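To keep things clear, I will list the structure first and then write my remarks on it.
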Amino acid sequence: MISPGTETRLVGLLGSPLGHSLSPRMHNRVFEKLQMDCLYLPIEVSREDLPTVFAAIKKMNFIGCNVTIPHKLEIIDLLDELDPLAQRIGAVNTVQLTNGRAVGYNTDGPGFLRSLAEEAGITPQGRRFLLFGCGGATRAIAITLATEGAAAVTICNRTVGKAERLAEEINSRISRCAQAIAFSDKEQQSAAEEAEIIINTTSIGMSPDREAIPCPPAIISAHHVVADIVYNPPQTTLLSAAEERGAKVVPGLGMLVWQGAAAFEIFTGRKADVAIMKEEVNRLRTAQ
Ligand code: ATR
């Protein structure tokens, strides 16, 4: 790691709790590799202290920050400008700070898209997607897919009302590509027959509940691409089942790395070294 001096530029990670975040080490490895005089710092901050801490950060030598749970919505009121995609998503995970001016972005959806492009050679335009879940990550991915011209975005969630609300919002504000379905084997089966890309955006399969799977393996066939945003474990039960059935798979570590790479580029204006980011994340994962 660099030894900080008076010229060192800072990047912060604002959230609580920050316990398991891999972002500080991932970014600091790239700063080191590219010999940049920058330092990425985890800053644990409560909801009530966020306005005060963010006001102070704006006055210091920060070039940006990442924002995580529970501040992705609340940060919006503290910004000077919001990128149009972040506005549609309604959540910000990356803030660029230039001369005290704060601009908010969301790199979760674009990060997912980059991992899909890099690992499966897929761009969303004209494609049919089936998503499991309807949390914050689903919202970012579904809205980004619709914005990029997906032909169909089917949202399958346990609480179907949440999926219906998101589908309605996408259809009325972005494009008429979305529909909601119930979280049942039957609905999943017929939706999978229509879909080309299946994405798990729930926490199902995350450690320690590694055996859990969001759908019956039988709905997956060899023509599918199956992506999982769960990255702990890196190879989920869903991905193993998909591989056994001949489908192409996209593991969650890709989204983690590419959302970070997109944020790095917003902070610094330089291309991130994605190979180094991946190497660091893999090293940290195996050490855990
Ligand atoms: P995030 O904001 O990180 O995406 P979240 O808001 O906690 O995470 O959302 C998790 C999603 O996983 C939710 O859509 C949740 O379904 P509900 O909306 O019905 O709560 C889904 N999920 C989590 N555990 C699940 C389970 N065991 N079965 C089905 N869905 C599950």
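Computed from a predicted model, the values in this text were never measured in an experiment. Counting starts at 1 for both ligands and their atoms, in listed order.
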### Message
List ligand 1 atoms under 4.0 Å from Lys162, heavy atoms only on the residue side.
### Response
17 (P), 18 (O), 20 (O)

### Task
Please state whether the rings of Phe264 and His27 are parallel, tilted or perpendicular, taking 30° and 60° as the class boundaries.
parallel

### Query
So, Glu164 and Gln179: side-chain donor and acceptor under 3.5 Å apart, yes or no?
no

### Query
Which of the atoms in ligand 1, numbered in the order shown and given with their element, are less than 4.0 Å from a heavy-atom of Thr202?
12 (O), 21 (C), 22 (N)

### Query
Judged by atom type as modelled, is there a donor-acceptor pair below 3.5 Å linking the side chain of His224 to the main-chain atoms of Ser221?
yes

### For Val92, the option from Thr107, Ile76, Asp83, Val103 that meets side-chain contact (heavy atoms from CB on, under 4.5 Å)
Ile76

#### Entry: The one among Ile69, Ile155, Ile141, Thr159 that brings a heavy atom closest to atom 17 (P) of ligand 1
Thr159

### Message
Taking 4.0 angstrom as the limit and counting only heavy atoms of Gly136, give me the atoms of ligand 1 inside it, by number and element.
### Response
1 (P), 2 (O), 4 (O), 6 (O)

### Query
Given the rule that I, L, V, M, F, W and Y join up when any side-chain heavy atoms are under 4.5 Å apart, are Leu13 and Val281 in one cluster?
yes

### Task
Ignoring hydrogens and angles, state whether a donor on the side chain of Asn200 or Asp228 is under 3.5 Å from an acceptor on the partner side chain.
yes

### Query
N/O of Phe183 under 3.5 Å from N/O of ligand 1, yes or no?
no

### Query
Protein heavy atom under 4.0 angstrom of atom 3 (O) of ligand 1, is there one?
no

### Message
Checking a contact table here: which protein heavy atom is nearest atom 25 (C) of ligand 1, and how many Å away?
### Response
Arg158 NH1, 3.4 Å

### Query
Hey, any chance Ile141 and Ile143 share a hydrophobic cluster, counting ILVMFWY side chains that come within less than 4.5 Å of each other, even indirectly?
yes

### Query
Relative to the heavy atoms of Ser203, which atoms of ligand 1 are at a distance of less than 4.0 Å?
12 (O), 23 (C), 24 (N)

### Pairing of Lys278 and Asp273 as salt bridge, 4.0 angstrom limit
no

### Summary
Among Cys156, Cys134, Ala91, the residue with a heavy atom nearest to atom 14 (O) of ligand 1 is Cys134

### Summary
Near Gly133 (heavy-atom distance under 4.0 Å), the atoms of ligand 1 are 14 (O)

### Message
Any protein heavy-atom neighbour for atom 31 (C) of ligand 1 (distance below 4.0 angstrom)?
### Response
yes

### Message
Main chain of Glu187, side chain of Ser184: is a donor-acceptor contact present, judged purely on distance under 3.5 Å?
### Response
yes

### Task
Could you tell me whether Asn157 approaches ligand 1 through its side chain, its backbone, both or neither, with non-hydrogen atoms closer than 4.0 Å?
side chain

### Query
In terms of residue, atom name and distance, what is the protein heavy atom nearest to atom 9 (O) of ligand 1?
Gly135 CA, 3.5 Å

### Message
Tell me the protein heavy atom at minimum distance from atom 28 (N) of ligand 1, and give that distance in Å.
### Response
Ile204 CD1, 3.4 Å

